[in-house]
Amino acid sequence: MRQDKSKYQNFFADVYEVVKLVPPGRVTTYGAIAEYLGVKSSARMVGWAMNAAHSEPDVPAHRVINRNGILTGKHHFFTPTLMQELLEKEGVTVINDKVQNFDALFWSPTKALE
DNA sequence: GACATGACGGCAG
DNA sequence: CCTGCCGCCATGT
């Protein structure tokens, strides 16, 4: 256990806040969030932070995918199919765990919040 | 402290 | 887009 875990709480809060700002029917990537938080070299930390998102029910984690537009985190949901179903429910087409037209659906926090 | 793992990403082939 | 390799950094053993 680290001495200053409070700073991680701040990191989590930032990630959650950005994810909550993702509009329905749009998606973003771990790398984009990492870049916005200034830790772009460590996109894995964003994924790690998302692992703790289970304590935040308002975080639409299904809108956060990897740079390929693939639902890499689907296995972390209550059911492996929930992530895709939520996206399709918002109008996002998902085929074989991959978001279709990902380039147009991509939402950049850096660009949106600049 | 070494070693392995991971909801990632960039680059090369 | 896929596969392989490496860099990144916190976590667990």
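Below, chain A is the first sequence line, B the second, and so on; all start at residue 1.
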With sequence neighbours excluded, residues passing side-chain contact (heavy atoms from CB on, under 4.5 Å) with A:Thr81:
A:Thr79, A:Glu85
Which of residues 67-77 of chain A have a heavy atom under 4.0 Å from DNA chain C?
A:Asn68, A:Ile70
Salt bridge (charged side-chain N to carboxylate O under 4.0 Å, His left out) with A:Glu17: which residues, sequence neighbours excluded?
none
Do the side chains of A:Val22 and A:Leu87 join up, straight or via other hydrophobic residues, at under 4.5 Å, putting them in one cluster?
no
If two hydrophobic side chains count as joined below 4.5 Å and joins carry through other members, does A:Val19 share a cluster with A:Met45?
yes
Tell me which residues in residues 53-66 of chain A put a heavy atom below 4.0 Å from DNA chain B, sorted by number, or none.
A:His54, A:Ala61, A:Asn66
By a strict heavy-atom criterion of less than 4.0 Å, which residues belonging to residues 95-102 of chain A are in contact with DNA chain B?
none
For residues 63-72 of chain A, pull every pair meeting salt bridge (Lys or Arg N to Asp or Glu O under 4.0 Å), keeping only residues two or more places apart or in separate chains.
A:Arg63-A:Glu90
With sequence neighbours left out, which residue pairs that include part of residues 95-110 of chain A fulfil the salt bridge (Lys or Arg N to Asp or Glu O under 4.0 Å) condition?
A:Lys74-A:Asp97
Could you state the interatomic distance from CE (A:Met83) to OG1 (A:Thr72), rounded to the nearest 0.5 Å?
6.5 Å
Hey, what do you get for OG1 (A:Thr29) to CD1 (A:Ile65), rounding to the nearest 0.5 Å?
8.0 Å
Could you list the residues that satisfy side-chain hydrogen bond (donor to acceptor under 3.5 Å, both in side chains) with A:Asn51, not counting sequence neighbours?
none
Please enumerate all residues that pass side-chain hydrogen bond (donor to acceptor under 3.5 Å, both in side chains) together with A:Glu35, with sequence neighbours excluded.
none
Which pairs, with at least one residue in residues 42-77 of chain A and sequence neighbours excluded, count as a ring pair (Phe, Tyr, Trp, His ring centres under 6.0 Å)?
A:Tyr8-A:Trp48, A:Phe12-A:Trp48
Which residues pass the ring-ring contact (aromatic ring centres under 6.0 Å, His included) test with A:Phe102, not counting sequence neighbours?
A:Phe106
Rounded to whole Å, how long is the line connecting atom [atom1] of [X] with atom [atom2] of [N]?
X: A:Gln84; N: B:dA7; atom1: CD; atom2: P; result: 18 Å
X: A:Phe11; N: B:dA7; atom1: CZ; atom2: C1'; result: 12 Å
X: A:Tyr30; N: B:dC8; atom1: OH; atom2: P; result: 6 Å

Under 6.0 Å from the NZ atom of A:Lys89, do we count more than 12 heavy atoms belonging to anything else shown?
no
List every contact pair, protein side and nucleotides 6-9 of chain C side both N or O, where the distance is under 3.5 Å.
from: C:dG7; atom 1: O6; to: A:Arg44; atom 2: NH1; distance (Å): 3.3
from: C:dC8; atom 1: O3'; to: A:Ser42; atom 2: OG; distance (Å): 3.3
from: C:dC8; atom 1: N3; to: A:Arg44; atom 2: NH1; distance (Å): 3.1

